[in-house]
There are 2 protein chains.
Amino acid sequence: MSTPGRGLHGQVLDTLGPAITAGEYPPGSVLRTDELAQQFEVSRSVMREAVRVLESMHLVESRRRVGVTVRPKYEWNVYDPQVIRWRLAGADRPQQLRSLTVLRSAIEPVAAGLAAKHATAEQCAELTECALGMVAHSRGHQLEGYLVHDMAFHRVILTASGNEMFARLGDVVAEVLAGRTHHEVMFEDPDPAAVTLHVQVAEAVREGDAVRAEELTREITVGALQELDILAP
Amino acid sequence: MSTPGRGLHGQVLDTLGPAITAGEYPPGSVLRTDELAQQFEVSRSVMREAVRVLESMHLVESRRRVGVTVRPKYEWNVYDPQVIRWRLAGADRPQQLRSLTVLRSAIEPVAAGLAAKHATAEQCAELTECALGMVAHSRGHQLEGYLVHDMAFHRVILTASGNEMFARLGDVVAEVLAGRTHHEVMFEDPDPAAVTLHVQVAEAVREGDAVRAEELTREITVGALQELDILAP
DNA sequence: TGTGACAAATAAGTCTGACTTTTTGTTCCC
DNA sequence: GGGAACAAAAAGTCAGACTTATTTGTCACA
């Protein structure tokens, strides 16, 4: 997905971005544009463009007479989808997956409540279709098919909420769901209770029952938290 | 705040960014790098760097033989602090303020609950100090002083949650609070009930009462929603 | 000895011009 | 009418020279 190698500067970023987000250059490290250009065997103009992009993500700061210094993690634009992808691909993956799951647990129930009020007839139909697809692929190790419908389901919820900020988290949630299926090796079929909950959420949204949609979605996200052992006893 | 005019390309962005996010160039519009460079009276290299930044925000897409085309709003990186600032400064301000307030209402209660579990003694002290500052400035038209402590309060909550994604919303929430005080002309002193709620949240966090902290914060955010008439009867 | 001004070094920033590459649209021929 | 060759357009790349801000170090003076 996304856009692989859109120009030389993009190829540089594909290497430099993951390296920085993985912590290979500790905060405060100083890079020189000229040296980087030599290392990557590109012209300075290309390297400058790459640095500009990293700068706009608040991964680095460029100052005259000093160089390009790496910023501490807490200043990064951690909502940038590109940064999220880089971190999910590197050593940060577990922590990233946990913080994103917590984020999900805060957002999705509210989004579902709003979706119950604002979803169009078409969106309701889509939702039902996704839920049925999940049911159909819930047994017999059809994990990939299940995942596709699961991602689509949550994307529709977020979009149907009518809130642009929620809607833009669709990719992030999809990434988290995919990560769970692919990385946390899943041999078993999905939890039947979770499948049922999705069907019920679709129902609640269709009926415009915001409170129930929110509550049911909260149960789904609590399940996601439990899977990662994020929970206070 | 932020970094005003960090180089020529930054000055270009200060004009071009707001123009695009304000919708002055409708989605699908095609810009030519050379023309832009002439308009802004900068070299092509500088304009190219500016375009790269806009591209990394998914505001535009650059393609050979075509030019730089403006993307539809739903593809923008709306969590980029820079994009948020641009939109808050333009015609989009009301809608942006509304969607951000809804986002707040989803995030902050959960963050407060986590803060009750994870806040350090120092953070608890900061929180109490902020709450007391709010009380002290709650009467007699000391709106600026009140705002400072209000912003600090919510920033501490988000940071103390221990979740990096929540923490990074501190700037956004501060922006929303400032927007409410400055733009939605406030002549009156803040609602005493809201002030009390902040004090109680500080208490709950100090006592480690996650459920109460979450519930009280929810009341605060519901109040924020009501102010903007975001509510279903 | 400390301090302030001045000078040198350094790395980013800027500009220009030439060249390459990709994509698109047109035209011409079968 | 369809497909292949061709031409044009705009971004992409590179190299080199020059500018400017910032830091650091030095030296003289109080």
Side-chain angles (χ1 to χ4, degrees), chain A residues 1-17 19-20 25-72 75-76 82, chain B residues 1-17 19-20 25-72 75-76 82:
Chain A
M1 66 159 290
S2 82
T3 30
R6 57 278 68 132
L8 265 190
H9 89 280
Q11 295 176 36
V12 170
L13 284 174
D14 289 339
T15 304
L16 203 47
I20 294 175
Y25 304 93
S29 303
V30 175
L31 312 172
R32 253 76 52 81
T33 308
D34 291 22
E35 282 186 17
L36 289 173
Q38 283 187 356
Q39 283 178 32
F40 286 93
E41 297 180 311
V42 295
S43 66
R44 281 179 319 136
S45 5
V46 167
M47 184 52 69
R48 286 182 56 73
E49 288 172 27
V51 168
R52 284 282 171 266
V53 173
L54 294 175
E55 203 177 22
S56 87
M57 295 166 172
H58 274 65
L59 260 42
V60 302
E61 187 183 5
S62 181
R63 277 171 52 202
R64 270 189 153 117
R65 166 64 212 243
V66 175
V68 178
T69 65
V70 177
R71 291 190 183 224
E75 290 185 352
W76 298 351
Q82 182 73 88
Chain B
M1 67 160 290
S2 87
T3 30
R6 49 301 44 146
L8 265 190
H9 89 280
Q11 295 176 35
V12 169
L13 284 174
D14 288 339
T15 305
L16 202 48
I20 293 175
Y25 303 93
S29 303
V30 176
L31 312 172
R32 253 78 52 82
T33 307
D34 291 21
E35 281 186 17
L36 290 174
Q38 283 188 357
Q39 284 178 31
F40 286 93
E41 297 180 311
V42 295
S43 66
R44 294 198 320 278
S45 10
V46 168
M47 184 51 70
R48 286 180 57 75
E49 289 173 26
V51 168
R52 283 284 171 263
V53 173
L54 295 174
E55 202 177 22
S56 87
M57 296 167 171
H58 274 66
L59 259 41
V60 303
E61 188 183 4
S62 181
R63 276 171 51 203
R64 271 188 154 117
R65 168 61 214 240
V66 175
V68 178
T69 64
V70 178
R71 291 191 184 225
E75 290 185 353
W76 298 350
Q82 183 72 90

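Convention: sequence-line order gives letters A, B, ...; per-chain numbering from 1. This structure is a prediction, so every number in the text was calculated from the model and none was measured.
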How many angstroms lie between atom [atom1] of [X] and atom [atom2] of [Y], to the nearest 0.5 angstrom?
X: Asp34(B); Y: Arg48(B); atom1: CG; atom2: CZ; answer: 9.5 Å
X: Thr15(B); Y: Ile20(B); atom1: OG1; atom2: CD1; answer: 11.0 Å
X: His58(B); Y: Glu75(B); atom1: NE2; atom2: CD; answer: 7.0 Å

Could I get a table of every N or O pair under 3.5 Å where one atom is in the protein and the other is in nucleotides 3-8 of chain D?
unit_1, atom_1, unit_2, atom_2, d
dA8(D), N3, Arg65(B), NH1, 3.0

TODO: Give a yes/no answer on whether the side chain of Thr33(B) brings an N or O atom under 4.0 Å of OP1 or OP2 in dA11(D).
DONE: yes

- [ ] Give a yes/no answer on whether the side chain of Arg64(A) brings an N or O atom under 4.0 Å of OP1 or OP2 in dG13(C).
- [x] no

Can you measure [X] atom [atom1] to [N] atom [atom2] for me and round it to whole angstrom units?
X: His9(B); N: dT14(C); atom1: NE2; atom2: C1'; result: 13 Å
X: Arg32(B); N: dG12(D); atom1: CZ; atom2: C1'; result: 17 Å
X: Arg63(B); N: dG25(C); atom1: CZ; atom2: P; result: 10 Å
X: Arg52(B); N: dG12(D); atom1: CZ; atom2: P; result: 4 Å
X: Gln38(A); N: dA12(C); atom1: CD; atom2: C1'; result: 16 Å
X: Arg44(B); N: dT13(D); atom1: CZ; atom2: P; result: 13 Å
X: Leu13(B); N: dG13(C); atom1: CG; atom2: P; result: 13 Å
X: Leu8(B); N: dA21(D); atom1: CG; atom2: C1'; result: 13 Å

Considering all heavy atoms, the nearest [X]-[Y] contact:
X: Met47(A); Y: Val12(A); answer: CE-CG1, 3.7 Å
X: Ser62(B); Y: Val68(B); answer: OG-CG2, 4.1 Å
X: Ala50(A); Y: Leu13(A); answer: O-CD2, 3.6 Å

- [ ] State plainly whether the residues Glu55(A) and Arg52(A) are in salt-bridge range, i.e. N to O under 4.0 Å.
- [x] yes

Open item on the list: What contact category does Ser62(B) fall into here, base, sugar-phosphate, or nothing, at under 4.0 angstrom with non-hydrogen atoms?
Closed with: sugar-phosphate

